[in-house]
Amino acid sequence: MTDHGTQLAETAQAIVAPGKGILAADESSPTIKKRFETINVESTEDNRRSYRELLFTTEGANEFIGGVILFDETLRQSTADGVPLAKILTDASIVPGIKVDMGAKALAGAEGEKVTEGLDRLRERLEEYHELGARFTKWRAVITIGDGIPSDYCIKANAWALGRYAALSVEQGFVPIVEPEVLMDGDHDIDTCFDVTERTLHYVYRALHDQRVPLEQTLLKPNMVLSAKDCPTQAGPQEVAAKTIECLKNTVPSSVPGIVFLSGGQTELEATVNLNAMNQVGGSPWQLSFSYGRALQATTLQAWGGEAANVDAAKKVFYHRARMNGLARFGTYEESMEQEAAA
Ligand code: 5MM
């Protein structure tokens with residue numbers, strides 16, 4: 001491996017070091033607006049900065065958080081005291097990352113399906129992000145399960161874009177996080193989720209191979225294999241863990257250093273319990289970790305409520321959630337620990 005390759009492989013390993021995972025704080029402007037609406041806070045640039053500053057300056061969170069994914073605006077922001085947020089992270093030995101996709105848009109000729117855009121001028125944008133301190137990237141593809149979908153056309157278009165993005169990221173000195181998200185919306189059962197996730201991951205790794213992406217310099221951010229939100233039969237954590245690992249073993253090469261699950265609409269508790277169950281199975285060739293957005297932030301957001309007076313209390317809530325997921329990385333989390341923290 002070249003020095004460049006070795007450095008990227010080491011960065012990937014550092015992000016998913018035992019006990020650590022990723023905080024996905026890369027909500028785009030429309031998404032963070034939605035999140036703030038739930039706590040009646042206006043989405044101003046200053047409120048967004050204050051909130052992210054709260055998360056990134058939580059003392060001790062770096063025991064459990066190896067990387068944070070930022071949105072473009074956040075990578076350019078500084079704390080109230082004028083320190084760039086990316087520097088706050090780097091100084092805490094947390095790797096700053098950046099979402100580089102431009103969102104999922106309607107796929108031409110495919111009713112109800114989406115393709116992620118953002119490849120135009122990506123090389124130039126990456127050069128700037130590197131100067132601003134980011135060292136890993138993220139690109140999210142969205143696959144919807146529904147009547148007659150997903151089509152192979154949709155999966156292949158998204159997989160090819162993920163490959164192009166990943167190859168460019170590696171070239172420009174970033175560890176690419178490859179995120180093909182099979183949504184949990186709908187009423188399909190866990191086996192349907194298994195089949196679609198397996199089909200998707202096959203195409204994704206074919207596309208990465210075709211585009212010469214060195215897998216040991218990448219991370220995968222998939223959905224867990226779950227029953228859909230409105231499915232009348234909800235699979236429990238043991239079934240979720242067994243089916244998710246089986247699906248990944250069928251599709252993901254062992255040279256990928258880590259798998260960082262998205263939470264995708266699970267509650268904080270579900271996401272922790274499921275990750276814990278996966279790590280209890282053991283014998284996986286990859287680190288099984290987290291890259292949660294909502295499942296790391298929901299209670300913190302509530303505790304903050306947009307009030308400066310609540311910052312310390314909200315930091316405690318965030319530290320607790322990060323710690324619970326850190327324990328789930330070892331399979332040593334127990335639900336009773338939630339009560340201990342409350343006491
Ligand atoms: C944090 O949300 C990320 C950005 O979403 P938008 O581009 O829609 O604003 C999102 O990609 C996130 O990283 C993943 O979906 C995982 O987050 P969850 O909340 O599903 O764990």
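Residue numbers start at 1 and run along the sequence shown. Note that ligands are numbered from 1 as they come in the structure, with each ligand's atoms numbered from 1 the same way.
- Residues forming a ring-ring contact (aromatic ring centres under 6.0 Å, His included) with Tyr292 (at least two apart in sequence, or on another chain): Phe290.
- From the protein, the heavy atom lying nearest to atom 1 (C) of ligand 1 is Asp26 OD1, 3.3 Å.
- Of the candidates Lys99, Glu27, Lys138, it is Lys138 that places a heavy atom closest to atom 10 (C) of ligand 1.
- Closest to atom 17 (O) of ligand 1 among all protein heavy atoms lies Gly293 N, 3.6 Å.
- If you number the atoms of ligand 1 from 1 as listed, the ones under 4.0 Å from a heavy atom of Ser263 come out as 18 (P), 19 (O), 20 (O), 21 (O).
- Taking the six-membered ring where the residue is Trp, the centroids of Phe64 and Tyr319 are separated by under 6.0 Å.
- Listed by number with element, the atoms of ligand 1 under 4.0 Å from a non-hydrogen atom of Tyr292 are 21 (O).
- Against a heavy-atom cut-off of under 4.0 Å, Gly264 is close to the following atoms of ligand 1: 18 (P), 20 (O), 21 (O).
- Relative orientation of the Tyr51 and Phe36 rings is perpendicular, given thresholds of 30° and 60° on the angle between their planes.
- Summarising the geometry of Val16 relative to Gln287, their closest heavy-atom pair is O-CG, 3.4 Å, with the distance given to 0.1 Å.
- Side chains of Ser43 and Arg48: a donor on one and an acceptor on the other come within 3.5 Å.
- Judged purely by atom type and a 3.5 angstrom limit, Arg329 uses its side chain to pair as donor or acceptor with the backbone of Lys20.
- With sequence neighbours left out, Lys249 forms a salt bridge (Lys or Arg N to Asp or Glu O under 4.0 Å) with no residue at all.
- Near Ser28, with a cut-off below 4.0 Å to any heavy atom, the atoms of ligand 1 are 6 (P), 7 (O), 9 (O).
- Residue Lys221 holds the heavy atom nearest to atom 16 (C) of ligand 1 of all those in Lys221, Arg294, Gln297.
- Near Thr31, meaning under 4.0 Å from one of its heavy atoms, ligand 1 places the atoms 6 (P), 8 (O), 9 (O).
- Within ligand 1, counting atoms from 1 as listed, the ones closer than 4.0 Å to a heavy atom of Ala24 are 1 (C), 13 (O).
- Using a 4.0 Å cut-off between heavy atoms, Arg140 contacts ligand 1 through its side chain alone, with no backbone atom that close.
- The main-chain N or O of Gly82 is found under 3.5 Å from a side-chain atom of Thr79 such that the two form a donor-acceptor pair.
- Gln266 contributes a side-chain N or O that, together with a main-chain N or O of Ser263, makes up a donor-acceptor pair within less than 3.5 Å.
- In this structure, Lys221 contributes its side chain and Val178 its backbone to no donor-acceptor pair below 3.5 Å.
- Less than 4.0 angstrom separates some heavy atom of Leu262 from each of these atoms of ligand 1: 16 (C), 21 (O).
- Considering only non-hydrogen protein atoms, atom 14 (C) of ligand 1 sits nearest to Glu179 OE2, 3.2 Å.
- Looking at Ala25 next to ligand 1, no N or O pair under 3.5 Å apart turns up.
- Each of the atoms 15 (O) of ligand 1 lies under 4.0 Å from some heavy atom of Glu181.
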